[in-house]
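The first residue of the sequence shown is numbered 1, and numbering continues consecutively from there.
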Amino acid sequence: MSNVVWRPQPRQEEFMRRPEYEALYGGAAGGGKSEALVIEALRQVNIPHYKGLILRKSYPQLSELIDKSILYYPRAYPGAKYNASTHTWTFPSGARIIFGSMNRKEDKIKYQGKSFDYIAFDELTHFTWEEYSYMFSRNRSSGPGVRSYIRATANPGGVGHGWVKDRFIIPAPPMTTIADTVKYSTPSGETEEASRTRVFVPATVYDNQILLKNDPEYVATLALLPPAERQALLYGDWDSFSGQVFSEWRNDPAGYLTRKFSHVIEPFEFPSWWRVVRGFDYGYSKPFSVGWYAVSPDDVIYRVAELYGGDADVGVKWTPDRIAEEIAEIEKTHPLLRDVKVVLGLADPAIFSATVYGESIAELLARKGVYFSKGDNTRLAGKMQLHNRLAFDEEGRAKFYVFNTCRNFIRTIPSLVYSTVNVEDVDTTQEDHAYDECRYVLMAHPMTTVPRVKRRWRVPELDIDEEY
C-alpha cells in the first residue's frame with residue numbers, strides 16, 4: 001500500500017482540477033488555500049525542464065509557505081533538495097520550484113528574461129495589477145510536454161482588492177469560466193484570435209474540515225473579529241474588509257438591515273432646475289474621471305452620470321481636446337443632463353498649471369467650451385465629507401447616492417484602502433480617480449457629521465450590535 005503524504009479536501013480538489021489558465025482560490029480565511037498552492041506546484045516535477053515559481057509580496061511572508069514545502073516535498077519526492085540561500089527546491093528529475101517575492105513593483109525586473117511553467121501568487125490582493133499582469137510574459141513553457149498556467153489565493157482587502165474583485169469576482173458567479181478573446185495581427189498581416197480563461201473557486205473555513213477538527217474554536221475566533229474583518233474572513237465578503245476606507249458603503253438592497261440601506265439606486269429623472277456639478281480628475285496614462293452630481297433642495301447629492309477614461313488603472317490616453325468633446329456631447333445628449341440649465345465644473349487645481357501642450361489642461365478644455373474652476377483639494381477634509389454623506393440617519397437615509405449606471409464609481413470606491421505612509425488618508429497608488437473628482441464636488445457642498453445609527457443584526461454564531 002502506498003504512503004499517502006497529502007490528500008486534498010473536496011474544495012481543494014475542485015481548485016486543483018480546474019482547466020482554466022488562471023484560477024483564484026479562497027475569499028475567506030482557513031480554507032486551506034496556501035497548502036493547495038504549494039502542493040499544486042508539484043504536479044509536473046517529474047519533467048526535467050519544469051520550473052515553478054511561488055510568490056509572496058515579501059520574503060518574510062514566504063516562511064509559512066516554505067515550511068509547508070519542507071513538510072511535504074521531501075516525503076513526496078525523496079532526494080529533493082532545498083537551497084535556503086536561493087529559496088529553491090531541486091528535484092531528482094532536475095525540475096525546480098522557486099520561492100520568490102515582489103516587494104516593490106520594480107522587483108518584477110528580477111524575473112525579466114526568465115520563464116516559469118507554473119506561477120503562483122499567495123495573497124494576490126497584496127499585489128498590484130501591474131505586478132500580476134507582468135508575470136504573464138514570464139509564464140511560458142520551458143520545453144515540450146509542460147503545461148503553463150497561473151494560480152493564486154486571496155482574502156478580501158489589500159491594495160489589490162479592487163482589481164482582483166474586478167477580474168475574478170464581478171464578471172461571473174463562482175466556479176464559472178470567464179473567457180477573454182483578443183484579435184491580433186501577425187507579421188504577415190493576417191488576423192488571428194487568441195483566448196484565455198479564468199475562474200474563481202470560493203472557499204471558507206467550513207471547507208477545511210481538518211482545521212475544524214484540530215481547532216473547533218477557530219470559527220468562533222473569526223466570528224469575534226470586528227465587523228468588516230469578520231465579513232471578509234469568515235464569509236468571504238468582497239464588499240467588506242479590514243483596511244477599507246469607506247466601510248459605510250452599502251450596495252446590497254437586500255442586505256443586513258432594510259432595503260433603505262443602500263447607496264446604489266435606480267436612476268430617476270430630477271428637475272432641470274436642480275444644481276448640477278461636474279467633477280473632473282485628469283489622467284492620460286492613468287484613467288481620467290468625470291462625474292456629474294445633482295444636488296437636491298434638501299442637500300442630498302446624487303452621482304447621476306460618469307465618463308471614465310480607462311480600466312484597471314490604465315488610461316485611454318485621450319488628449320484634452322478629445323475629453324472636452326466627449327464631455328460636451330454627453331451634456332448635450334444625456335437624457336438626464338441635456339435639459340439642465342447650468343453645469344458647474346470643479347477640477348484638480350493641477351490642471352490649471354502650464355503643461356507640455358504650452359497651455360494648461362483647463363485652458364485647452366475651455367477652448368472647446370468646457371469650463372472648470374479650481375476644486376478644493378484638501379485631502380482629509382474631502383475624505384471626511386464622503387464619510388459624513390455616506391452615513392445613514394435614524395430613518396435609513398444618507399446624503400449621498402449613486403445611480404447604478406455609474407459603474408466605475410461603484411467599482412472603485414468600496415475597494416479603496418488606507419495608506420501605510422499617511423495612515424489617515426487613502427492610498428494614492430490605487431485607482432482613486434473617481435474618488436478624487438468626487439471630493440472636489442463634496443468640498444463645495446460641505447456638511448457636518450451625521451450621527452451613526454446602531455442596528456442589531458445576527459451573525460450565525462453570535463448576536464452582535466453593529467453600527468451603521
Side-chain angles (χ1 to χ4, degrees), residues 245-253 259-281 289-308 327 330-331 334-348 371-416 426 432-453 468:
V245 176
F246 298 106
S247 57
E248 304 93 340
W249 175 265
R250 293 288 177 268
N251 180 17
D252 185 7
R259 289 183 179 273
K260 293 184 292 186
F261 287 80
S262 183
H263 295 104
V264 180
I265 62 174
E266 292 285 337
F268 62 85
E269 190 172 344
F270 53 87
S272 60
W273 51 265
W274 276 18
R275 179 185 178 94
V276 173
V277 184
R278 181 202 319 117
F280 177 50
D281 187 64
S289 182
V290 185
W292 284 266
Y293 301 81
V295 185
S296 73
D298 56 347
D299 195 38
V300 178
I301 296 180
Y302 299 87
R303 183 182 175 94
V304 299
E306 69 179 16
L307 172 64
Y308 197 78
I327 291 173
I330 287 172
E331 293 179 356
H334 194 289
L336 295 176
L337 298 174
R338 62 192 177 195
D339 295 325
V340 172
K341 306 304 181 187
V342 178
V343 177
L344 303 176
L346 292 170
D348 183 348
Y371 301 97
F372 287 97
S373 297
K374 291 182 181 181
D376 186 338
N377 197 22
T378 309
R379 293 192 59 85
L380 295 186
K383 172 176 165 289
M384 286 309 304
Q385 284 300 313
L386 186 51
H387 281 303
N388 293 343
R389 287 191 172 273
L390 290 175
F392 293 107
D393 67 15
E394 289 287 350
E395 300 302 319
R397 296 181 298 244
K399 287 288 190 178
F400 185 87
Y401 292 96
V402 181
F403 285 7
N404 61 17
T405 50
C406 296
R407 182 182 67 85
N408 289 288
F409 191 91
I410 295 168
R411 176 177 65 85
T412 58
I413 294 300
S415 299
L416 295 175
V426 170
D432 60 352
H433 319 291
Y435 163 67
D436 281 342
E437 44 96 342
C438 178
R439 283 192 296 109
Y440 310 140
V441 175
L442 299 189
M443 285 296 286
H445 301 82
M447 65 169 288
T448 56
T449 303
V450 175
R452 304 304 168 97
V453 183
Y468 290 96

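Contact annotation: the side chain of Trp249 never approaches that of Leu416 to less than 4.5 Å [non-hydrogen atoms, C-beta and beyond].
When atom types are taken as modelled, the side chain of Arg250 and the backbone of His263 share no donor-acceptor pair closer than 3.5 angstrom. A donor-acceptor pair under 3.5 Å is absent between the side-chain atoms of Lys383 and the main chain of Arg439, judged by distance alone. Without hydrogens or angle criteria, Gln385 side chain to Met447 main chain gives a donor-acceptor distance under 3.5 Å.
Between Phe268 and Tyr302, the ring planes are perpendicular. Angles over 60° get that label, and only those under 30° would be called parallel. Taking the six-membered ring for Trp and thresholds of 30 and 60 degrees, His433 and Tyr308 have ring planes inclined between 30 and 60 degrees apart.
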Going through the distances and angles, do Asn377 and Tyr440 end up as a side chain to side chain contact (heavy atoms under 4.5 Å, CB included)? CA-CA 6 Å; Asn377 197 22; Tyr440 310 140; 3.4 Å; yes
Val343 and Leu337: CA distance, side-chain angles, deciding distance, side chain to side chain contact (heavy atoms under 4.5 Å, CB included) verdict: CA-CA 9 Å; Val343 177; Leu337 298 174; 5.6 Å; no
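Between Phe270 and Tyr401, the ring centre distance reaches or exceeds 6.0 Å.
With rounding to the nearest 0.5 angstrom, the CG atom of Asp339 is 8.0 Å from the CD atom of Glu269. Interatomic distance, CZ of Phe392 versus CZ of Arg397, reported as 12.0 Å (0.5 Å rounding). Annotation: the span from Tyr435 atom OH to Leu442 atom CG amounts to 9.0 Å, rounded to 0.5 Å.
Residues Arg275 and His445 have side chains that bring a donor and an acceptor to within less than 3.5 angstrom of each other.
By the side chain to side chain contact (heavy atoms under 4.5 Å, CB included) test, Thr405 pairs with Pro267, Phe403, sequence neighbours left out. In this structure, the side-chain hydrogen bond (donor to acceptor under 3.5 Å, both in side chains) partners of Arg278, at least two apart in sequence or on a different chain, are Glu331.
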